[in-house]
Number of protein chains: 2
Amino acid sequence: MAASAKKASSSKKTAAPSKTTANLAIDRVSEPVEDYLKAIYDLAGKSGTASTNDVAARLNVAAASVTGMIRRLASQGLLEYERYRGVRLSETGRVVALRTIRRHRVIETYLTEVLGYPWDRVHDEAERLEHAASDELVDRMATSLGNPTSDPHGAPIPTADGQMDERRHQTLAELDIGTRARMVRVSDKNPGLLRYLAEIDLTPGTEVQVLARAPFDGPITLQVGDTEPVVGQGLAVQVLVEEVQDET
Amino acid sequence: MAASAKKASSSKKTAAPSKTTANLAIDRVSEPVEDYLKAIYDLAGKSGTASTNDVAARLNVAAASVTGMIRRLASQGLLEYERYRGVRLSETGRVVALRTIRRHRVIETYLTEVLGYPWDRVHDEAERLEHAASDELVDRMATSLGNPTSDPHGAPIPTADGQMDERRHQTLAELDIGTRARMVRVSDKNPGLLRYLAEIDLTPGTEVQVLARAPFDGPITLQVGDTEPVVGQGLAVQVLVEEVQDET
DNA sequence: TCACATTTTTAGCGGAGGCTAAAAATAAAG
DNA sequence: CTTTATTTTTAGCCTCCGCTAAAAATGTGA
Ligand SMILES: [Mn+2]
Ligand SMILES: [Mn+2]
Ligand SMILES: [Mn+2]
Ligand SMILES: [Mn+2]
């Protein structure tokens with residue numbers, strides 16, 4: 001809960017404009033900065049730190065560019081940085097990242113639910129809109145959707161005050177044969193995969209079971225509804241699932 | 001050329017990718033560029049040209065910055081420019097401007113009609129979203145609104161293929177006493193004015209009549225519905241109206 | 001421990017889009 | 001037709017955010 005007691009990141013306007021709650025009036029940052037913070041947020045994952053190279057790969061920029069940006073972000077108090085030692089978001093940085101993620105995911109949900117976008121094309125649109133939409137707009141969208149808790153790909157949506165379900169899930173590749181499970185989530189970054197999943201009806205919420213698994217990472221036979229699609233290991237490791245205990 | 005390694009790789013792939021209709025596949029330009037083109041589009045108006053100073057004032061940038069940007073835009077073929085002689089949009093520039101204007105106005109309409117935004121706060125939001133929303137998204141919004149022809153402030157919405165109603169209108173200040181007219185349009189850039197207009201129910205579509213006009217630009221007494229608000233000249237010149245001929 | 005591989009940083013550069021101050025061109029007034 | 005005022009451009013500078021090439025730090029395998 002450290003209320004971002006960092007140093008003087010906010011210029012020299014007023015000492016403390018309004019800090020009633022935690023800290024909602026964080027200076028709005030640029031589009032690239034929001035994308036860096038998002039990338040770092042989810043690369044860091046549990047270890048807490050992200051490497052220069054990973055960030056570079058994720059954002060499709062040169063490693064040198066990442067070093068440069070990282071230095072600026074550190075000087076703004078958005079992250080902690082020690083040369084050669086990776087980077088870790090500060091509390092402020094985490095808040096900014098989570099709000100950007102919230103905007104992204106609410107927008108994706110709105111686009112599919114209300115405007116009829118197919119789930120394989122919302123990501124690119126959201127990747128740009130997330131930087132332009134105000135929190136108010138996003139909250140209006142969320143409200144009109146009934147405050148959904150996950151986006152079309154099953155990713156959890158942070159609440160307006162920055163809480164997010166951080167549960168880890170097993171992949172379809174790890175699922176024991178015969179175990180009943182529910183499809184929970186898949187990455188939103190591969191449109192082809194998403195289209196294929198939609199085709200075999202393997203979307204978040206759907207029940208799925210592994211019927212057979214050929215050795216040496218061979219094909220995996222599934223049961224989805226009353227079809228039995230056979231998928232590869234490459235797909236299975238991308239799909240997150242959750243065991244479902246049948247209640248009487 | 002170096003910087004275009006990944007993103008703007010569109011440059012010189014094929015001479016003419018697809019030019020079936022007029023020219024719909026125009027390289028997407030930056031946010032500042034879109035704002036310059038919009039500003040020039042409507043400053044130029046009928047005369048066709050806009051001055052450096054006017055553009056600067058409209059965009060809140062220094063005149064020197066405008067000169068710099070103008071040179072770049074001219075070199076990209078978005079406008080025609082002769083030193084000291086003002087600037088005029090090229091056909092390409094006009095197309096880009098109109099599409100940006102379409103996005104802006106459809107977004108404003110969507111925000112008020114669907115998401116319940118008050119009409120005095122949609123402009124700022126649209127000013128940012130217009131650069132991030134794809135034409136597809138905007139077309140989906142337009143479709144779901146039934147393809148409206150004007151935005152919440154009465155400004156005409158260009159069609160997807162770039163047609164826009166360019167009619168000029170008289171202002172409330174010019175309206176003859178006793179003439180029945182319909183409120184048509186008001187600038188979207190002054191939230192206070194918009195709130196006041198909403199308060200006296202003077203919104204696009206509403207019938208209005210000038211009952212009296214005090215001399216020397218004095219107060220103007222209106223009839224709006226069954227109220228008789230008295231407004232100043234400053235307001236009256238901002239409100240565009242259209243005479244309404246009563247049909248039997 | 002030493003040599004090589006990998007990762008990261010530094011150095012230097014470029015374009016976009018801002019700025020201010022000064023110079024130049026154009027327009028307005030006497 | 002000058003002189004002055006206004007408008008516009010130039011010159012020079014800045015920040016942000018990219019890039020490449022080279023140097024430095026860190027990690028690894030013999
Ligand atoms: Mn996404
Ligand atoms: Mn983004
Ligand atoms: Mn507007
Ligand atoms: Mn804008």
Side-chain angles (χ1 to χ4, degrees), chain A residues 9 11-12 27-40 43-44 47 49-88 96 100 127-128 131, chain B residues 1-12 27-40 43-44 47 49-88 93 96 100 127-128 131:
Chain A
S9 60
S11 343
K12 52 204 66 172
D27 303 352
R28 190 89 185 234
V29 298
S30 72
E31 181 163 334
V33 167
E34 287 184 338
D35 283 336
Y36 271 87
L37 295 175
K38 269 203 317 174
I40 293 166
L43 287 172
S47 88
T49 73
S51 77
T52 298
N53 257 9
D54 288 354
V55 174
R58 165 68 68 104
L59 296 176
N60 265 289
V61 297
S65 305
V66 173
T67 302
M69 176 63 97
I70 270 174
R71 286 185 54 246
R72 254 174 291 148
L73 297 183
S75 82
Q76 290 182 252
L78 291 165
L79 46 80
E80 282 139 39
Y81 169 52
E82 208 176 339
R83 265 156 53 271
Y84 292 99
R85 201 115 300 161
V87 78
R88 132 181 287 125
V96 173
T100 307
E127 198 57 59
R128 287 175 282 108
H131 313 293
Chain B
M1 129 191 15
S4 61
K6 43 182 196 57
K7 307 184 158 184
S9 56
S10 56
S11 301
K12 47 205 64 173
D27 302 354
R28 190 88 185 232
V29 297
S30 72
E31 182 162 334
V33 167
E34 287 183 339
D35 282 335
Y36 270 86
L37 295 175
K38 269 204 317 174
I40 293 165
L43 287 172
S47 89
T49 73
S51 77
T52 299
N53 258 9
D54 288 355
V55 175
R58 165 67 70 102
L59 296 177
N60 266 292
V61 297
S65 306
V66 173
T67 301
M69 177 62 98
I70 269 174
R71 286 184 56 248
R72 254 172 291 148
L73 297 184
S75 83
Q76 290 184 251
L78 291 165
L79 46 80
E80 281 138 41
Y81 169 52
E82 208 176 337
R83 266 158 50 270
Y84 293 99
R85 202 113 302 160
V87 78
R88 133 181 286 124
V96 174
T100 308
E127 198 56 60
R128 287 174 283 108
H131 313 291

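Each chain gets a letter, A, B and so on, in the order the sequences are listed, and its residues count up from 1.
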Atom pair distance, as rounded to whole Å: CD1 in I70(A) and P in dG18(D): 12 Å
E34(B) CD - dA16(C) P separation (whole Å): 16 Å
Length of the line joining R83(A):CZ and dT9(C):P, which is rounded to integer Å: 8 Å
Nearest-nucleotide wise, let me know which of E31(A) and R85(A) is further upstream toward the 5' end of DNA chain D. E31(A)
D35(B) has an atom CG; how far is it from atom P of dA16(C), in whole Å? 17 Å
OP1, OP2 of dG18(D) versus side-chain N and O of S65(A): anything below 4.0 Å? no
Please state how far atom CZ in R71(A) lies from atom C1' in dG18(D), giving the value in whole angstrom units. 15 Å
Measure the distance from CG on L78(A) to P on dC16(D) and round it to the nearest whole Å. 13 Å
Looking at N53(A), does any N or O in its side chain come under 4.0 Å of the phosphate oxygens OP1/OP2 on dT6(C)? no
Separation of dA16(C) C1' from M69(B) CE (nearest whole Å): 8 Å
Quick one: label T52(A) by what it contacts on the DNA or RNA (base, sugar-phosphate, nothing), any heavy atom closer than 4.0 Å. sugar-phosphate
Can you see if the side chain of Y81(A) gets near the phosphate of dT9(C) - specifically, an N or O under 4.0 Å from OP1 or OP2? yes
Which is it for L73(B) and Y81(B) under the side chain to side chain contact (heavy atoms under 4.5 Å, CB included) test, yes or no, and what are the steps along the way? CA-CA 9 Å; L73(B) 297 184; Y81(B) 169 52; over 6 Å; no
Can a side chain N or O of S30(A) be found less than 4.0 Å away from OP1 or OP2 on dC17(D)? yes
Taking atom CZ as the centre, does R28(B) end up with more than 12 heavy-atom neighbours from other residues, nucleotides or ligands that are less than 6.0 angstrom away? yes
Which atom names give the shortest non-hydrogen contact between A63(B) and N53(B), and what distance separates them? CB-OD1, 3.7 Å
Is E82(B) salt-bridged to R88(B), cutoff N-O under 4.0 Å? no
Of R72(B) and A64(B), whose nearest nucleotide on DNA chain C comes first from the 5' end? R72(B)
Between dT7(C) atom C1' and L43(A) atom CG, what is the distance in whole Å? 16 Å
Can you work out whether P32(A) or Y84(B) has the more 5'-proximal nearest nucleotide on DNA chain D? Y84(B)
Is the side chain of T100(A) donor-acceptor paired with the backbone N or O of V96(A) at a distance under 3.5 Å, no angle test? yes
